[in-house]
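Just below is one structure, and these are the notes that go with it.
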Amino acid sequence: MIPRHKVDEILQATLIEEVIGEFVNLKKSGRQYKALSPFTNEKTPSFYVVPEKQIFKDFSSGKGGNAVTFLMEVEHFSYPEALRWLAQKYNIELEEQELTPEQKEAENERESLYIVSQFAEQYFKEQLHETDAGKSIGLSYFKQRGFLPETIEKFKLGYSPDEWRAFTDAAFEQGYQEKFLTATGLTKPSPKRQNEFYDGFKGRVIFPIHSLSGRAIGFGGRTLIKDKKVPKYLNSPESLIYNKSASLYGIYFAKGEIIKEDQCYLVEGYTDVISFHQAGISNTVASSGTALTRDQIKLIKRYTPNITLLYDGDEAGIKASFRGIDMILEEGMNVKMVSFPEGEDPDSFALKNTPEDIRSYLADNARDFIVSKTEILLRDSGKDPIKRASVIKDIVASIALIPEAISRSVYTRECANLLEIEEKVLVNELNKLRRDQFKQKNRQSPQQSHQGPPPDFPPPDFFEPPSGPPQEGAPQQQAPIKKDHNLSQERDLMRILINYGEKTIIFKDGENGDVEVEIAPFIFHELERDEMFFEDSAHLKLSNELVKQVEEGIWDVQKMVHSEDKEIASLMVDLMTQRHELHDWDSRQILVMGEETKLKRAVEGALYSFKFVKINNLIRENQEAIKQAYENNQLEEALNYQKKQVIYDKIKSSLAAPSGRIILG
């Protein structure tokens, strides 16, 4: 357990923009930062980071919180895990005891998989550097590949002994459980004997695969023997912590440089990534031998819209990648391709050339994907008119995937020249495809058409403006208001408390002149005097915490933002963020009248709305109680309810014509 004073030290040292900036490509926007949501697939940024409040808010998914909450959402950390990650980032020492066998048993399955993977990473590393077999076989192989000692250390490369169950026995001795070892593929059950196991990566050099935060989540193992029956590479199976289609090899080491360079190089294998990083091209990642997936593309898109694919000279391999590249285009990203000379791949090319020569080659040979695809397919089609017609349709299909209209227009003109065809023909075909795509995307079943707006419908502003008292002479609503209709009034009053609770407002007093009062104590006094309280469980829980602060003479809303209670922390962020305030209006010379400029009116309006709904609820309940009492011939109780009704009616009358400070009773 992390002591409270250490938690406070970690939270005080944390800068949310630095933390989130390691996972998302943030752009400065006035006093805030904004980015595309890391939680949804969106084309217009609706993810905001507010440094002065140390919070983030994602309007596309509704998620929000502080740096700890963000790590819990992105990395699926527990609360203590997120704190440990922040402590490591900001060099804060934590005194924590080593986990006992009982504690290991109590850890949830996800954390157990992380722990097992961490143990395996360290084990393979020690085998590589501290055993004779590791040095003579594993380390020799890495050195032959041209990897320097610092590179081997950076990527935490390792070696698994060529023994039947060396790793498995070591893991069992340390108390790690069979189900977690087999779930990660580190240990495998024998197909012939029950309760017998063997090492999943025996006799292989090891490439650990890391999450965005640097934790080992899987492994790749390369065999060093030449046997066609033995697969060259083995990879960890899918697990709770390793989703192959959503992971990229090297992303932990590359993400900072990708943001800095605003460019990502995508290669095919582990050694390609390592060699490029060693050559100083650190914004390089790999799909680890899998076909490129949408989740991997979205992961890159967090950091940059620009991606360059690096291939060896194999044209067949390039053609096989076309479908994946079409998905990149569909995400609105800019795609280029670089092919290396025949017989070379990114790994070998990086080892044979200086960093300067590599950068020059990449800059000189980067070709736009649409143009490259057109040239490749044209070479294959020759003069065959049927094949050329197929090429045209294929190229137009790729252009149609590009979301941005100007880019589509530029590509259409360029490809018309390459294909030696009238631009108008391509435009007509393009428009037809776009119409078909639109119809397909927006097709709804009869049931769906009555379920509200589609998922990508623009969300409303996060908060509705507070509803004030009805205008003088306006008709009063006579129908009873149901209890479940007062959530918006509760929310608005709570929002006023959170954002302005420590500020003061001035009331006119005929005898004493101007009276200055703090907003939070004033609101709580008004509610307590009239015995009106929050009904929503989250609002009530938060208000109780705030009342304690008022009674203790402190006001620290950041304490609530950093609460371990996820419901309170999430509610705090919702109440502290208003979408219209996050826009950089000042830079556009647009004057927006903030709520703070008319704070007294906002407080009175929020209190009035809350009380008006509340008293209507009480009147409705009391009228029902009177009716029930008479029906049951409980005349004394009916009389008591009628007395209460007189009080409620007076309260409602006082609410009908408020002036100055709101006084009930």
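No experiment lies behind these values; they were computed from the predicted model shown.
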Looking at Gly62, is its backbone amide N or carbonyl O close enough to the side chain of Lys57 to form a donor-acceptor pair, meaning the two atoms are under 3.5 Å apart?
yes
Those residues at least two apart in sequence (or on a different chain) that pass ring pair (Phe, Tyr, Trp, His ring centres under 6.0 Å) with Phe534 are Phe610
Once you round to the nearest 0.5 Å, how far does CE of Met327 lie from OG1 of Thr293?
6.5 Å
Tell me whether Glu545 is salt-bridged to Lys541, with the criterion being a basic N under 4.0 Å from an acidic carboxylate O.
no
Tell me, please, which residues at least two apart from Glu9 pass salt bridge (charged side-chain N to carboxylate O under 4.0 Å, His left out).
Lys6
Between CZ of Phe23 and CD of Glu73, what distance do you get to the nearest 0.5 Å?
12.5 Å
Result of checking Gln645, Lys644, Gln642, Lys627 against Asn622 for side-chain hydrogen bond (donor to acceptor under 3.5 Å, both in side chains):
Gln645
Do Leu599 and Ile519 make a side-chain contact, defined as non-hydrogen atoms from C-beta onward lying under 4.5 Å apart?
yes
Rounded to the nearest 0.5 angstrom, the CD1-CE distance for Ile615 and Met532 is 4.5 Å
Ignoring hydrogens and geometry, is there a side-chain-to-backbone donor-acceptor pair from Asp58 to Ser37 under 3.5 Å?
no
Listed once per pair and sorted, the ring pair (Phe, Tyr, Trp, His ring centres under 6.0 Å) pairs that draw on residues 618-642, sequence neighbours left out:
none
Under-4.0 Å salt bridge between Lys614 and Glu535
yes
How many angstroms lie between atom CD of Gln54 and atom CD of Gln12, to the nearest 0.5 angstrom?
11.0 Å
Counting distance only, does the side-chain N/O of Lys53 pair as donor-acceptor with the main-chain N or O of Met576 below 3.5 Å?
yes
Set out, in order, the CA-CA distance, both residues' side-chain angles and the distance that settles salt bridge (Lys or Arg N to Asp or Glu O under 4.0 Å) for Asp574 and Arg491, then state yes or no.
CA-CA 10 Å; Asp574 286 351; Arg491 188 181 189 84; 3.8 Å; yes
Without hydrogens or angle criteria, can the side chains of Glu18 and Tyr90 be said to hold a donor-acceptor pair below 3.5 Å?
yes
Under a 4.0 Å N-O cut-off, is there an ion pair linking Arg215 with Glu75?
no
To the nearest 0.5 Å, how far apart are CD1 in Ile251 and CG in Leu299?
4.5 Å
Below 30° counts as parallel, above 60° as perpendicular, anything between as tilted: where do the rings of His210 and Tyr252 land?
tilted
Find the distance between CZ (Arg302) and CD1 (Ile258) and round it off to the nearest 0.5 Å.
11.5 Å
What orientation do Phe77 and Tyr114 show, parallel under 30°, tilted 30 to 60°, or perpendicular over 60°?
perpendicular
Within-4.5 Å side-chain heavy-atom neighbours: Asp649 and Ile619
yes
